[in-house]
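As structure tokens, the structure follows; a few thoughts come after it.
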Amino acid sequence: MRTHMCGELGSSDAGTRVRLCGWVSRRRDHGEHLAFVDLRDHSGITQCVVDGSVDVRSEWVISVEGTVRARPEGTVNAELATGEIEVVDCIVEVLGHAEPPPFPVDDRAETDESVRLRYRYVDIRRPRMQRNLRLRARVVEALRSAMVRQGFCEVETPLLWTPTPEGAREFTVPSRLHHGSFYVLPQSPQIAKQLLMVGGTDRYFQIARCLRDEDLRADRQFEFTQLDIEASFVSQEDIQGAITEAVADATEAAVGESPGEAERITWHDAMDRYGSDKPDLRFAMELLDIGQVFAGTSVRAFDAPCVKALLVRGGASLGRNRLDALVDRAKELGGKGLAWFKVTSTDPAAVDSPLDKFLGDAERAGLVSGTGAAEGDLVLVVADIWHTVCRVLGALRLDLGRPPITEGGRRFCWVTDFPLFDGVDDAGRPQAAHHPFTMPHPDDIDRLTSDPLSVRSQAYDLVLNGWELGSGSIRIHREDIQRQVFDALGISSGEAESRFGFLLGAFRYGAPPHGGFAVGIDRLVALLAGEGNIREVIAFPKTQSGTDPMTGAPKPVAETVLRDLGLRPIPKPG
RNA sequence: GGUCCUGUGGUGCAGCUUGGAGUGCACGCCGGCCUGUCAAGCCGGAGGUCGCGGGUUCAAAUCCCGUCAGGACCGCCA
């Protein structure tokens with residue numbers, strides 16, 4: 001039907017008879033005898049010179065047969081990849097009419113996202129979405145071939161899985177053949193891939209869809225795609241090496257340059273220095289420990305186990321509204337408050353702050369020297385327990401210093417030595433930070449019973465520019481260690497058997513030491529595409545409230561469907 | 001569950017602070033003119049439940065309350 005794509009013709013094609021197909025991007029009509037039709041497909045745009053009597057409109061689907069020629073002197077368009085040539089002596093065939101599009105099919109005009117999603121098929125025609133979807137395809141191809149090259153075997157796992165209470169809320173699927181019983185859609189193929197290791201698969205990978213029924217965000221959809229891997233007889237460095245290689249290939253394929261060495265930082269250092277377990281290393285602005293300055297202070301707000309500061313260069317110019325907003329933000333994040341000090345002089349130290357009247361000269365001087373503040377800077381201080389201080393200041397650090405998504409390069413880093421447990425639940429029992437099969441750090445195993453919250457794990461995250469790209473761990477394959485971890489979690493053997501019996505059963509038949517990882521492909525692609533939102537790299541995403549404005553999903557189903565499934569809807573309370 | 005922002009012809013925005021006739025800009029759309037444009041140009045035209053509901057007022061796009069939708073964030077995401 002066509003001989004070339006619209007974006008590939010150049011001066012070397014002059015004289016060739018071609019046939020192109022696509023959408024009418026724009027028509028410039030000069031009257032009865034001359035009109036220019038810009039014909040567009042995903043590859044680009046070619047200018048066709050046609051008889052003005054040809055009736056075509058924006059977004060009509062047409063084919064054009066004509067002859068390529070170099071454009072006349074002075075009419076070359078340097079803005080256009082095909083601007084050296086045009087197609088003349090055109091025979092135009094209308095393949096399909098089109099109503100005027102609901103928004104311009106180009107990237108110039110910002111359009112409300114709900115309108116874009118309602119007409120996603122038009123939106124996808126725009127260069128931005130075409131670029132993103134094709135970049136995504138290259139990334140997935142690079143990831144897949146990197147895993148194959150490294151000896152990993154691609155295996156599919158079930159979408160209809162069994163409920164595993166704990167962790168993310170699962171999407172539940174009613175069984176037609178077994179009324180009152182349910183499958184769930186997997187939040188990840190975690191247990192399935194561990195069973196593959198018991199099965200001797202040795203090195204598994206999958207481009208896996210995962211589903212979690214949790215609230216949506218800019219970087220979270222109900223359904224997302226992971227590069228999921230698991231390998232036997234490996235250390236965490238082996239896993240990290242395999243993933244680093246795959247992700248480097250993907251970066252190369254997406255943006256044409258290699259990302260360079262991934263940095264490494266322990267979880268504790270990441271929290272302590274950047275206030276986050278997913279530090280954005282594109283900028284410094286590290287958290288500064290000024291506990292010494294306020295040791296034995298009379299300022300009650302600073303009488304806390306941990307006092308840290310954030311230095312905001314030039315921040316003294318922030319107005320009261322902005323500062324109040326920062327204080328509100330700190331409270332929203334769980335802090336008791338936020339102290340701010342505008343540095344008005346460094347020698348002698350002087351600050352403008354509601355708390356200034358409570359400070360001694362030594363504290364004032366320590367505040368300035370301890371943070372390296374200069375005149376005109378702003379110092380933000382949070383005092384609380386260590387974890388809260390880091391968390392609050394880490395979020396403020398991002399609010400105040402984070403570069404735009406497309407700037408600052410790509411700083412991959414591995415965050416290692418995550419804690420095994422993540423606080424305690426209402427009953428005072430430790431909660432698994434990653435999942436209950438995560439291997440404790442070898443140096444810490446003997447503290448599982450005596451001091452569980454201090455135990456590190458062999459769990460690790462891959463982080464890019466402050467986004468968690470994925471996480472993984474070495475798994476427990478020894479029954480005695482698993483027993484101890486279940487004990488620490490307060491899971492009885494009977495409970496463990498009923499929840500994970502099939503996995504524990506499998507482990508009794510010869511479980512190799514193993515570990516794995518999963519990379520969030522949507523996030524990786526978004527960052528590589530310079531998009532701050534994964535919806536921009538997903539063809540048909542959901543809105544923040546989990547709806548699809550195009551299809552209207554979710555929708556009620558017919559009474560008969562419910563009857564087949566043995567379901568009866570109950571009205572929402574209230 | 002919560003906080004904040006946004007909602008005005010098909011699209012993007014201004015108007016809202018300080019209430020006074022659906023006022024304005026750009027794009028698009030329809031018709032006409034036009035033989036080298038490329039975000040073509042010129043002339044003319046059509047197109048509105050100011051998200052929805054209520055309240056205050058002589059009078060509401062504008063102020064107040066509620067609600068819906070979209071977005072950002074907190075909770076949540078082992």
Side-chain angles (χ1 to χ4, degrees), chain A residues 25-39 45-53 57-59 71-80 82-83 86 88 99-119 122-123 164-170 187-188 190-191 210-222 224 325 328-335 391-392 395 398-399 418 420-423 425 430-438 457 459 468 471 473 485 489 491 499-500 520 532-533 535 542-547 549 574:
Chain A
S25 178
R26 195 163 265 111
R27 187 181 66 151
R28 291 176 295 281
D29 190 344
H30 288 250
E32 205 179 330
H33 301 287
L34 177 68
F36 300 95
V37 173
D38 287 344
L39 188 63
I45 287 175
T46 293
Q47 172 169 286
C48 303
V49 185
V50 300
D51 182 319
S53 65
R57 299 289 165 125
S58 285
E59 302 308 320
R71 290 199 187 186
E73 185 86 29
T75 64
V76 168
N77 183 353
E79 305 283 295
L80 210 58
T82 61
E86 61 192 3
V88 297
E99 290 179 23
F103 47 83
V105 187
D106 60 44
D107 290 338
R108 285 202 319 277
E110 281 291 317
T111 302
D112 188 84
E113 202 179 343
S114 62
V115 178
R116 292 176 56 201
L117 291 183
R118 185 163 64 217
Y119 302 96
V122 175
D123 192 41
T164 53
E166 278 240 14
R169 186 182 296 113
E170 295 162 325
Q187 43 178 302
S188 84
Q190 179 59 41
I191 293 177
C210 306
L211 298 107
R212 295 179 188 173
D213 191 2
E214 299 287 353
D215 288 359
L216 295 79
R217 287 282 199 291
D219 61 351
R220 277 161 36 191
Q221 285 270 302
F222 283 155
F224 56 99
D328 288 345
R329 173 76 168 152
K331 287 176 179 166
E332 181 187 35
L333 292 161
R391 193 175 114 80
V392 171
L398 291 177
D399 289 350
F418 270 73
L420 186 62
F421 303 108
D422 185 10
D425 66 9
Q431 297 290 290
H434 188 56
H435 60 60
F437 316 113
T438 304
S457 69
E468 181 193 319
S471 52
S473 64
V485 171
L489 289 167
I491 298 175
R499 276 202 216 167
F500 315 111
N533 187 317
R535 293 187 300 272
K542 304 282 188 291
T543 66
Q544 198 167 69
S545 62
T547 65

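Atoms considered below: every heavy atom in the structure, side chains included; atoms not considered: hydrogens, waters and symmetry mates. Keep in mind that what you see is a predicted model, and the values were worked out from it rather than measured.
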Keeping [X] on the side-chain end and [Y] on the backbone end, is there a donor-acceptor pair under 3.5 Å?
| X | Y | answer |
| --- | --- | --- |
| Arg27(A) | Arg57(A) | no |
| Arg71(A) | Val76(A) | no |
| Ser457(A) | Phe418(A) | yes |
| Thr82(A) | Ile45(A) | yes |
| Gln187(A) | Ala168(A) | yes |

[atom1] spacing across the pair [N] / [M], given as an integer number of angstrom:
| N | M | atom1 | value |
| --- | --- | --- | --- |
| rU62(B) | rG71(B) | P | 25 Å |
| rU8(B) | rG15(B) | P | 14 Å |
| rG10(B) | rC64(B) | C1' | 33 Å |
| rC50(B) | rG9(B) | C1' | 10 Å |
| rG2(B) | rU17(B) | P | 29 Å |
| rG75(B) | rU3(B) | P | 15 Å |
| rG51(B) | rG70(B) | C1' | 11 Å |
| rA59(B) | rG22(B) | C1' | 15 Å |

For [N], give its Watson-Crick or G-U wobble partner with both distances under 3.5 Å, or none.
| N | answer |
| --- | --- |
| rG75(B) | none |
| rU67(B) | rG51(B) |
| rU18(B) | none |
| rG24(B) | rC13(B) |
| rC33(B) | rG41(B) |

Between Glu214(A) and Arg220(A), does any side-chain N to carboxylate O distance fall below 4.0 Å?
no

Taking 4.0 angstrom as the limit, do Arg329(A) and Glu332(A) come out as a salt bridge?
yes

Rounded to whole angstrom units, what separation is found between the [atom1] atom of [X] and the [atom2] atom of [N]?
| X | N | atom1 | atom2 | value |
| --- | --- | --- | --- | --- |
| Ile191(A) | rA78(B) | CD1 | C1' | 11 Å |
| Asp29(A) | rU35(B) | CG | P | 10 Å |
| Arg118(A) | rU11(B) | CZ | C1' | 12 Å |
| Asp106(A) | rC38(B) | CG | P | 16 Å |
| Arg108(A) | rG28(B) | CZ | C1' | 11 Å |
| Arg28(A) | rU37(B) | CZ | C1' | 5 Å |
| Asp422(A) | rC77(B) | CG | P | 9 Å |
| Asp107(A) | rU11(B) | CG | C1' | 15 Å |

Could you say whether Gln187(A) or Glu110(A) is positioned toward the 5' end of RNA chain B, judged by the nucleotide with the nearest heavy atom to each?
Glu110(A)

RNA chain B: Val49(A) or Pro104(A), which has the more 5' nearest nucleotide?
Pro104(A)

So, Gln47(A) and Arg28(A): side-chain donor and acceptor under 3.5 Å apart, yes or no?
yes

Which atom pair, heavy atoms only, marks the closest approach of Pro102(A) to Val122(A)?
CD-CG2, 4.3 Å

Go through the N and O atoms of the side chain of [X] and the base of [N], and report whether any donor-acceptor pair is under 3.5 Å.
| X | N | result |
| --- | --- | --- |
| Arg57(A) | rC30(B) | no |
| Arg220(A) | rC76(B) | yes |
| Gln47(A) | rU37(B) | yes |
| Glu86(A) | rG36(B) | yes |

One character per nucleotide, please: for nucleotides 68-74 of chain B, 5' to 3', B when the base has a protein heavy atom closer than 4.0 Å, S when only the sugar-phosphate does, - otherwise.
--SBBSB

pi-stack flag for Phe103(A) and rU11(B), centroid dist under 5.5 Å, interplanar under 30°:
no

So, OP1 or OP2 of rC29(B): does either fall under 4.0 Å of a side-chain N or O from Ser58(A)?
yes

Over all strands shown, is Ala432(A) touching base, sugar-phosphate only, or nothing at heavy-atom distances under 4.0 angstrom?
sugar-phosphate

Which part of the nucleic acid, if any, lies within reach of Ala35(A) when heavy atoms closer than 4.0 Å are counted: base, sugar-phosphate only, or nothing?
nothing

What residues form a side-chain contact (heavy atoms from CB on, under 4.5 Å) with Ile491(A), not counting sequence neighbours?
Glu166(A), Phe486(A), Leu489(A), Glu495(A), Ala496(A), Arg499(A)

